[in-house]
K.L.:
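First the structure, then my questions, so here it is.
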Amino acid sequence: MNINPNIKLFGSLLILVLCTSLSPLIAQSDPTGEKRVTGTYAITNATITTAPGKSMAGATILIKDGLIHAVGTNLSLPAETQLIKADSLFIYPGFIDGASNSGITKPNDPQKGENFNPSDPSDELAGITPWRQVMDHFDPKSNQIADWRKTGFTIAQLIPDGGMLTGKSAIVVFGNSKSSNVLAQNTGLYAKFRGSRGTYPATTLGVMAKFRDLYKNAELSAQHARIFASAAGLTRPEINKTYEAFYPVLDKNIPILFEVADDLEIRRALSLQKELGFRMVLVGVTDVDRVIDEIKGSDTKILLSLNLPDDKAFKDKKDNESEDIKSRLDRVKAAHQNALKQAGILEKAGVKFGFITLGAKSGDMMKNIRLMVANGLSEDAALAALTINNAEILNIQKFTGTLEKGKLANLIISTKPIFAEEAEVKYVMADGYLFDYDLKAKNKGNGIEGVWEYTSETPAGSSGGTIEIKKGDAGYTGTITYDDPAGTGKASTGMNSITYSDNTLSFNFEVPVEGNLLKVNVTGEIKGGSFEGNLSIAEYGSFPMKANKKPNL
Amino acid sequence: MKKFTSIIAALLVLGSMPSMAQTQKGSILIKNATVITITNGTLEDTDVLVENGIIKKVGKNLSASNVQTIDATGKFLMPGIIDAHSHVGLDAVNEATSPITSEVKMEDVVNPYDVGIYRALAGGVTISHAMHGSANAIGGQNITLKHRFGTSNPQDLFMQDAARTIKFALGENPTRVHGRGNNNQPRTRMGVEAVIRNGFNEAIQYKKTWEDYNAALKKKGATPIPPKFDTRLQTLVDILDGKIIIHCHSYRADEIYMLINVCREFNITNIVFSHVNEGFKVAPELAEYTMGASIFADWWAYKFEVYYSTAYNAAILTKNGVVTSINSDSGELIRHLYHEAGKAQRYGELTDDQTLALITINPAKQLGIADKVGSIEEGKQGDLVIFNEHPLSVYAIPQMTFVDGVKYFDINTDANDMRIKVSATDAVEPIFLKEHDERCMHGVDFFFTNFGRNLFEHSH
Amino acid sequence: MMKFRAILYTVALALSPILAQAQFDGEFIKPRNGRFLLQNATIVTVTKGTIQNGSVLIANGRIEAVGTNVAAGDAEVIDCSGQFIYPGMFDGGSQLGLVEVGSLAETQDYAEIGQVTPNMQALVAVNPNSIAIPVTRVSGVTTILATPSGGMFPGTAALINLNGYTPDQMYAGFKGVILNFPSSARRSTWDRRSDEDVKKDAEKAQKNLNDIWERATTYHQLVSAKAALPYYPEMEQLAKVVSGELPLLVEVNAASDIELAIKWLENKEIKAILTGVAEGWRVADKIAAANLPVITGPMLAIPTRQSDRFDASYTNPGKMAKAGVKVVIRSNDSENTRNLPFNAGFAAAYGMGKEEALKAVTINSAEVFGVADRLGSIEVGKDATLFVSTGDPFETRSQIRHVFIDGFRVPMSNRHIRFYQEFLERSPGLEKN
């Protein structure tokens, strides 16, 4: 069986990495003048919250070699210490993100080929890529990393993109861009109830069945390998990288990170766990009030999204609506209110949980936490969900999660108590590197030109492709690729009527189906490098569509 | 010794305990109703007592302490209606990507929030057979649901003591999806037969492979290598072993006859044909070799293979001795199956008892639950519905519906809006102008065939 | 058990000696007209009460006499003891005859390409020999509005009787141009547009409608002023609506859309009928105040919203009728237009009452379509379009015994019945011998 690099191993590896990379022995000149002068900092006279519920006023924190050297008052500071006056400022442990797709690109879909048989696709075509390593699809220079770091995140578990089994996650620190910043790889196997459009398994039905069969056959495959190693005269085991990728799950060295969209998916994941017995972390949990007993009765870790539903549906509604409509709106309002209460419900039930940025917007994060706090979540629990709880769920609490001597120098320096409305993050230190937010970073141009990757959710599962937009003299031109309705591979066509104004992008394209041209209209909102909107087809309805811009190279 | 037996007893008790919490069981005394028992005639001014979910007593002047009493004077009481073909309460219907998908289970995708379940209750339906769609020659394993609406837990809806069933499908749908849609077998009715036959034969091999392995394990010093595990084939093995009832989507007489022959060859007797629009043409064969036909009252002409249909199907089948039921296959029809059954009186003049059997004891037989539900008999489960008039009148309105003696529908006290879960973001609700029925081909047409045609047309 | 079968066989046997030399067996029974006296029936006239033990005399395609004392003369007497005579039922909207097999594009003749195609005439595409027509008429549904569908102005609907070999023989005297009023509704659970987008799209469609309407008005004004305009068949047809020559059938369903449609119609001096009106109950008072007749159905449909009471579609016609709206019922079906009476039955059970529901498939329909002088009730001088039933025709257990359309006695047979005759006792049965 494969070696499972477990997290403890990586922890010790990490110390090694830190010692070598930061050692002055390999110091060099830097003609750009950008290199920092010292790695030793003292942030003085601040209110330091070392862990949820534990604060001290007028304290100093000393950072050395990327680690917290001391926290307290009356510290003796070494000569090379750079002082950062933090009078009236507040210091917190750096946030840890339980699941993030920042900087992650979706691997290209493989081509289906001429004689593609949708009932018997390769694992890769079926969205089954458990062997994939997320670090192979990670761009550490992504703006998304910078955006989240600015809100206080210093560590994230990165989630690979893909189908029902996307691959192995990894944990990175948001430190110096010259380091690989990897804290651990192979931290979990990421799974979701996502079918592969037009290919087995295409729906939740198929995904559940496929998951069971994969798991059981991985067990049998391991059994075969063991027997083969112990006796002679036996058929050799067929090496199958999908099964092998399951081995650390079977051995309970790593959990399955199961992405769930609602309480019904939570139940589905729980029932798979019950049947098969793997370790599990539920990612993106919602509707906990409906499954709280089942969650408590399982040994499953919980990750909650920092995304909350918006209140547009009822915010601007007038009072003079009919009773009929009012009672309907009241139910939407109640559902919305309930969505805000979820974190509080978990806390009350005594379930430890962590927050994730997956699916959330960095601009809304603090507002959303305040909404959760206003709806029953304590500030201590909110901080725990951003720090120590996630450290425990990711099994990295030994070297991060609180501000203690010997832990990673990951911290946030805020102008006010962190969850206060007026609070601003002034500095973030990640891996001992200081990020100063005095200067407001300028938004980079948000042009739509470039290559976008999109996905769309439709009744038969998700589909996707790329959109390429160019700007010419006569306005925008573009091409789009899509899953050919004839069932084989991708087709591509030109985009028509591309317009972009007020952050709204719209265009249409035509898909030939059974001799007819079916017009598909797309419209949606652009925010930074992401697009969220709808794809609508004449009388059939409209389907959510999301796209992300690939970095312009 | 004594100690040993008590341990065994304890183990037995534990073993028989369902792994989930018990669903609610109710007690109720319904007085002075016209009781349509289905299996034992119609009894005037009769009382029915349900205790802890089970019909305890049917008779006159019954009394019970601490049990809620309902006066049903002038009203009609019949067993809960059973729908042998439904897709209500499911998040997905078709895993349409392979001609055989016997490994998929509808119990994995039950959605207890579907307000369609409540609407079925409001039509007196207490049990529905939540089926896989008809895209594949051999579809998924179905789940029989008891309409215990109001729960968040899908398992609360499962009828735990129901027989295992599986969906098969013949004719246009599987040949369109796989043959014409994906250029895979089957493209013809010949291919459908071959696919099913191949499946059974492979299952026989699979069974043998595992039997050989298990036998080898018992030999001392042997180190057999485990074969690959395959739920798909194992499920087919279970069919061959008589553990699963086939419910087969079918229309034309020739394809029905084909599957009868295949089943006879493989010694399969647990088979019910569903839709069966041309079942009337092979009624003697259906009567002789199968568990019957589950049909539409009058649907026809929505596709070519149902063009040569007749609304007299129920009458012809019944009079030929075929166990016949009328199903909905629709989130709309399931709300008035009593009316759909009534059409068998317009078209063929069946008696009241014959007609009501179409939606009670007959579907119960086809689902393997006739010993538990489908008639008002002492010892059966307390699934009941009270009508204001005779249920075969077009003016009949269900008043209350009970499952396991618990009332889940009351026309006088229920709220208008019975949704359990509501979107937190959408104030503009979808408006359904053509019936949003939960259809056999749900989710398939869009991508394989009718892309560019009318999504809302019938496609059963 | 099978009276009508016995009758058919008797007729066939009586004729068989004549056919002995023919190369094929059996006799085909054709619709035939003549003089008929329907005797000893309970006559439900709809407009003039119910007559016990009455008779109806049919001659020259019309109802010649109705009463308790009608002499047969040379008329063929049909004993209707214990049976009931009703006027033929109207379906206020169906695709019967415009499609033969639902899923086969080759047989779908109800939806033309284009958004503005009011010049598409349903009457042209009705197939008089559709297998579904005899299947329908033996239920007592004798007259239907054949309706195209599709774009914003999908075409012109035509009222037809379900007997005749050419569309003109079937034509029953009413045409109307259909408008699919722009919808602000979410189309299904898979319609995931944002609330704002839904609204925006509806506003856009509304503006589009107004632009087209303005063109039609201009066309009408210029033509009225004797202008020689270039050929423009779409506007020519719409101009007939502007002038009041043809009514506008406004298909509209969501409550907010119904209100918009009422407002849109307010200042237009045209004849308008609302159709669909699935959420009419929400705004019934407003429809009544606008004095607009309504063609609604099917009742056997799921409620328009998940949040609606389970019986919303059953109670809709009754609620509108109570508010004072003139209601006509439709099946909006094609091959199963025969279910119209059952739709009416559900409407009756859920608040409309039997009498009002019967009107909604007979005299109300005739009035709304402007043919009440000829159809919609059992009255002397009206067309002999009626049927004889063993009971309430809304009840599934009732048998329809005779159907007359335009004075023609139509055969009580069709392919469904012939299959029953052939297969009830199949020969050979299970064994060949």
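Order of the sequence lines sets the chain letters (A, B, ...), proteins ahead of strands, with each chain counted from 1. None of the values given here were measured: they were computed from a predicted structure.
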K.L.:
What part of B:Asn183 is in contact with chain A, defined as an atom under 4.5 angstrom from a non-hydrogen atom: side chain, backbone, both or neither?
P.N.:
neither

K.L.:
Under 4.0 Å between a Lys/Arg side-chain N and an Asp/Glu carboxylate O for A:Arg328 and A:Asp324?
P.N.:
yes

K.L.:
Nearest 0.5 angstrom please: B:Leu157 CG to B:Met159 CE, how far?
P.N.:
13.0 Å

K.L.:
Any side-chain donor paired with an acceptor under 3.5 Å for B:Arg148 and B:Gln24?
P.N.:
no

K.L.:
Give, as side chain, backbone, both or neither, the part of A:Asp287 having an atom under 4.5 angstrom from any heavy atom of chain B.
P.N.:
side chain

K.L.:
Search all heavy atoms of A:Ala126 against all heavy atoms of A:Tyr200 and return the closest pair with its distance.
P.N.:
CB-O, 3.3 Å

K.L.:
Between A:Arg290 and chain B, which part of the residue has a heavy atom less than 4.5 Å away: side chain, backbone, both or neither?
P.N.:
both

K.L.:
Quick check on B:Asn111 against chain A: is it the side chain, the backbone, both or neither that has a heavy atom closer than 4.5 Å?
P.N.:
both

K.L.:
If you count heavy-atom pairs under 4.5 Å between each of A:Arg267, A:His224, A:His336 and chain B, which one has the most?
P.N.:
A:Arg267

K.L.:
Measure B:Ser423 against the heavy atoms of chain A and call it side chain, backbone, both or neither at under 4.5 Å.
P.N.:
backbone

K.L.:
Take a 6.0 Å sphere around CD of B:Glu107 and say whether it holds more than 12 heavy atoms from other residues, nucleotides or ligands.
P.N.:
yes

K.L.:
Among the options B:Lys105, B:His178, B:Lys228, pick out the one with the most heavy-atom pairs lying under 4.5 Å from chain A.
P.N.:
B:Lys228

K.L.:
Can you say whether the rings of A:Phe211 and A:Tyr215 are parallel (under 30°), tilted (30 to 60°) or perpendicular (over 60°)?
P.N.:
parallel

K.L.:
What option among A:Val291, A:Asp120, A:Val207, A:Leu220 has the most heavy-atom pairs under 4.5 Å with chain B?
P.N.:
A:Leu220

K.L.:
If you take the centroid of each ring, where Trp contributes its six-membered ring, are B:His249 and B:His247 closer together than 6.0 Å?
P.N.:
no

K.L.:
For A:Ile227, is it the side chain, the backbone, both, or neither that has a heavy atom closer than 4.5 Å to a heavy atom of chain B?
P.N.:
side chain

K.L.:
Can you check whether A:Lys216 reaches A:Leu276 side chain to side chain, under 4.5 Å on heavy atoms?
P.N.:
yes

K.L.:
Could you look at A:Thr204 and say if it's the side chain, the backbone, both or neither that has a heavy atom under 4.5 Å from chain B?
P.N.:
both

K.L.:
How about A:Leu125 and A:Phe116: do any of their side-chain heavy atoms sit closer than 4.5 Å?
P.N.:
yes

K.L.:
Need one label for A:Glu294: side chain, backbone, both or neither, based on atoms under 4.5 Å from any heavy atom in chain B.
P.N.:
side chain

K.L.:
Report the option among A:Lys210, A:Glu219, A:Met208 that has the most heavy-atom pairs separated by less than 4.5 Å from atoms of chain B.
P.N.:
A:Met208

K.L.:
Tell me, side chain or backbone of B:Asp108 under 4.5 Å from chain A's heavy atoms, or both, or neither?
P.N.:
both

K.L.:
Where does A:Leu205 contact chain B at under 4.5 Å (heavy atoms): side chain, backbone, both or neither?
P.N.:
both

